[in-house]
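Have a look at the structure below, then the notes.
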Amino acid sequence: MRPSAAPSTASFPSGGSSLPVSDWKTLERLFPYLWEYKWRVIAALSFMVAAKLANVGVPVLLKSLIDSMTPQPTATQALLVVPVALLIGYGLLRLSVSAFTELRELIFAEATQGAAKTIALQTFQHLHELSLRFHLERQTGGMSRDIERGVRGIESLIAYSLYSIVPTLIEVVLVLTILGVQFDKWYAIITLCALGLYIYFTVTVTEWRTQFRKQVNEFDSSAHTRAIDSLLNYETVKYFGNEAFEAKRYEESLDKLRQARIKAQTSLSALNTGQQIIIAVALVAMLWRATQGVVDGRMSLGDLVMINAFMIQLYIPLNFLGVIYREIKQSLTDLDRMFKLLEKEREVADAPQAQVLTLPLPPSVSFEDIHFAYEPDRPILKGVSFVIPAGKTVAVVGPSGSGKSTLARLLFRFYEVQQGVVRIDGHPINHLTQSSVRQAIGIVPQDTVLFNDTVYYNIAYGRPTASRAEVEQAASAARIHDFIVSTPQGYTTMVGERGLKLSGGEKQRVAIARTLLKNPAILIFDEATSALDSSNERAIQAQLREAANNKTTLVIAHRLSTVVDAHEIIVLDNGLVVEQGTHAQLLTQQGAYARMWAMQQTQEAQSSS
């Protein structure tokens, strides 16, 4: 079973642990992802223990090798045979350490990468499930950096904990046991005291240093966000000649990052110095006692070499304990930030018993007493009601800010209505699955955003399973096929980030083509031809009318000339329906629609003259 993405509610006691409860919760959340590969985890742990047993055996065998070469009154043959066997054994143990270590990493790589992939994929899917409100408020640069660091944090956390901390602890237990059993207790006491002091000092200083690491992360994300935002708005920067202004803002972020990194490096130097002092004192104490034992005849030369080898093997990994602990803490922080993205609640979620919408025929769409506000103190729709009959076209017109595009967002269920209900074929859309509702609707938005890919990819995105002939047919219907084939790369032409290599009209025709390719039961045209010239607009309007034939269509328009053929026209003003009827009926009423019509006719006459 896949581990649940829901946040854990269990709590670990913090007593006796250097990690706070939040870190234990992060580890608890990570564990199920790794336990999916439990046999690999068990095998990797087995190889890790075997590697440490072999590693501890190396100094023991080295002691025997040195002691065996000490001149003894034995046969020359024995003197020659024993070192050769010990040398072979020594070489095999050394080889075993490397072999078991590599086997551990090889076996566990699948678990590490698998867990990283699963969590990254779940985060990606969850972000797509979050509401439009979240994505309008997000900072893309910082969020992408959080995901990137979170995935990297999984690998670092596993590498440093399983490959460094746990093996070192196993080795410490084995060495202390050997020292305590084979020699007097003071060797174990000195080692244990040094380790305890070393760990206490490292953890305390590293906890103090965490504030600087957090500052580095915050300033790094801030600088990255500013850079990405500025590059995405490259044209706006150029329009206003604000290159120097943007560079100054970015420099301010980089300067804060530089200062935070200097503080982090200074505190790291203090940590490393303290660690070296503790290690040096412990080594001197151990070797002094061992040397004195050799002089007194209580210990052999091999014992001295073995103790020295043990200390080197222990303190070399401990040398990096500060770095390891810091990286583990950093990885836990990064992973927690990614888990927090998974904890973001969906503003719009499917009901437990949501039904799948099936539409054998064009459906009717109704908005019934819709009240909606993006912010509580600024209502947008104030009781809007109208019906789009099955297979008919209804247009919504009105001044900017009257709530026209909001109707399309509510029909797509990007937001939940505060009051009222939207129905498709009689079904309240909050009783239907979001995916089935959106599959039934196609939209040509006013502001078209394209993927940084080929023209073919962007058109085929409307129905990825479509054949090339169907893609080209949709492009022809949108009157962009001829333009595409006239370019050197044809359908493989890259459109650039957000489609910036294409003109506004070209982007809009690509959007029309991919919606026509989707061939949904419900169509929404939100100022679908606003970026086109008059001749292309008239041609495409004819294609759109043909595409809307026998489909339920909502047209959101500013230019009234594009909706004169609609079966009904709804006039919105300040979130209310002020008029509705056909083009002819609304003109005879001499109301708001008639005034807008007269004004636009006058403007068109003036522009043509």
Side-chain angles (χ1 to χ4, degrees), residues 355-368 386-397 404 407-408 410-413 422-429 432-433 435-445 459-467 469-481 508-529 532 536-557 559-570 580-586:
Q355 303 295 311
V356 175
L357 177 64
T358 54
L359 297 174
L361 297 171
S364 62
V365 175
S366 60
F367 293 83
E368 302 173 7
F386 66 92
V387 176
I388 310 174
K392 302 296 183 182
T393 297
V394 170
V396 178
V397 299
K404 303 188 299 295
L407 292 171
L410 294 179
L411 182 55
F412 263 103
R413 208 175 162 212
V422 181
R423 298 181 188 272
I424 296 178
D425 218 19
H427 304 288
I429 61 171
L432 302 169
T433 62
S435 59
S436 64
V437 168
R438 292 167 187 161
Q439 190 59 38
I441 306 173
I443 185 170
V444 180
I459 296 176
Y461 199 79
R463 182 157 49 91
T465 58
S467 66
E470 290 173 316
V471 170
E472 292 183 2
Q473 183 179 355
S476 296
R479 293 179 66 86
I480 196 173
H481 173 75
Q508 205 154 39
R509 280 180 281 175
V510 169
I512 292 170
R514 70 183 175 191
T515 301
L516 295 178
L517 182 65
K518 184 178 181 182
N519 193 29
I522 303 170
L523 285 171
I524 301 175
F525 298 131
D526 187 358
E527 303 282 2
T529 58
L532 302 178
N536 272 315
E537 182 183 35
R538 282 192 294 271
I540 288 182
Q541 279 295 334
Q543 293 290 345
L544 293 181
R545 280 194 293 272
E546 184 178 338
N549 187 36
N550 202 33
K551 292 185 186 298
T552 305
T553 307
L554 172 65
V555 180
I556 297 167
R559 281 186 281 190
L560 304 184
S561 58
T562 62
V563 298
V564 294
D565 295 328
H567 296 98
E568 187 173 34
I569 299 172
I570 309 294
Q580 62 186 100
T582 64
H583 173 71
Q585 290 170 343
L586 292 175

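No experiment lies behind these values; they were computed from the predicted model shown.
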Problem set entry | By side chain to side chain donor-acceptor pair (under 3.5 Å) - contacts of Lys551 (at least two apart) | Asn519
Problem set entry | Set of side chain to side chain donor-acceptor pair (under 3.5 Å) partners for Ser366, sequence neighbours left out | Glu368
So do the side chains of [X] and [Y] get within less than 4.5 Å of each other, counting heavy atoms only?
| X | Y | value |
| --- | --- | --- |
| Ile569 | His583 | yes |
| Lys392 | Glu568 | no |
| Leu411 | Ile424 | yes |

Look up atom [atom1] in [X] and atom [atom2] in [Y], then write down how far apart they are to the nearest 0.5 Å.
| X | Y | atom1 | atom2 | value |
| --- | --- | --- | --- | --- |
| Ile443 | Ile522 | CD1 | CD1 | 12.0 Å |
| Leu407 | Ile388 | CG | CD1 | 8.5 Å |
| Thr465 | Leu517 | OG1 | CG | 8.0 Å |
| Ile429 | Leu410 | CD1 | CG | 7.5 Å |
| Leu359 | Thr552 | CG | OG1 | 8.5 Å |
| Thr433 | Arg413 | OG1 | CZ | 9.0 Å |

Exercise. Which pair of non-hydrogen atoms, one from Val394 and one from Val387, has the smallest distance, and what is that distance?
Worked result: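 Distance-wise, the nearest heavy atoms are CG2-O, 3.8 Å.
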Problem set entry | Heavy-atom pair with the smallest gap, counting every atom of Gln439 and Pro520 |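 Closest approach of Gln439 to Pro520, heavy atoms only: O-CB, 4.4 Å.
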Problem set entry | Candidate pair Gln580 and Gln585, rule side-chain contact (heavy atoms from CB on, under 4.5 Å), full reasoning | CA-CA 9 Å; Gln580 62 186 100; Gln585 290 170 343; over 6 Å; no
For this session: Could you give me the CA-CA distance, side-chain angles and deciding distance for Phe525 and Ile512, then say whether side-chain contact (heavy atoms from CB on, under 4.5 Å) is met?
Result: CA-CA 9 Å; Phe525 298 131; Ile512 292 170; 6.0 Å; no
Exercise. Would one find more than 12 heavy atoms of other residues, nucleotides or ligands at under 6.0 Å from atom CZ of Phe386?
Worked result: yes
Exercise. Near Gln473 CD, under 6.0 Å, is it more than 12 heavy atoms from other residues, nucleotides or ligands?
Worked result: no
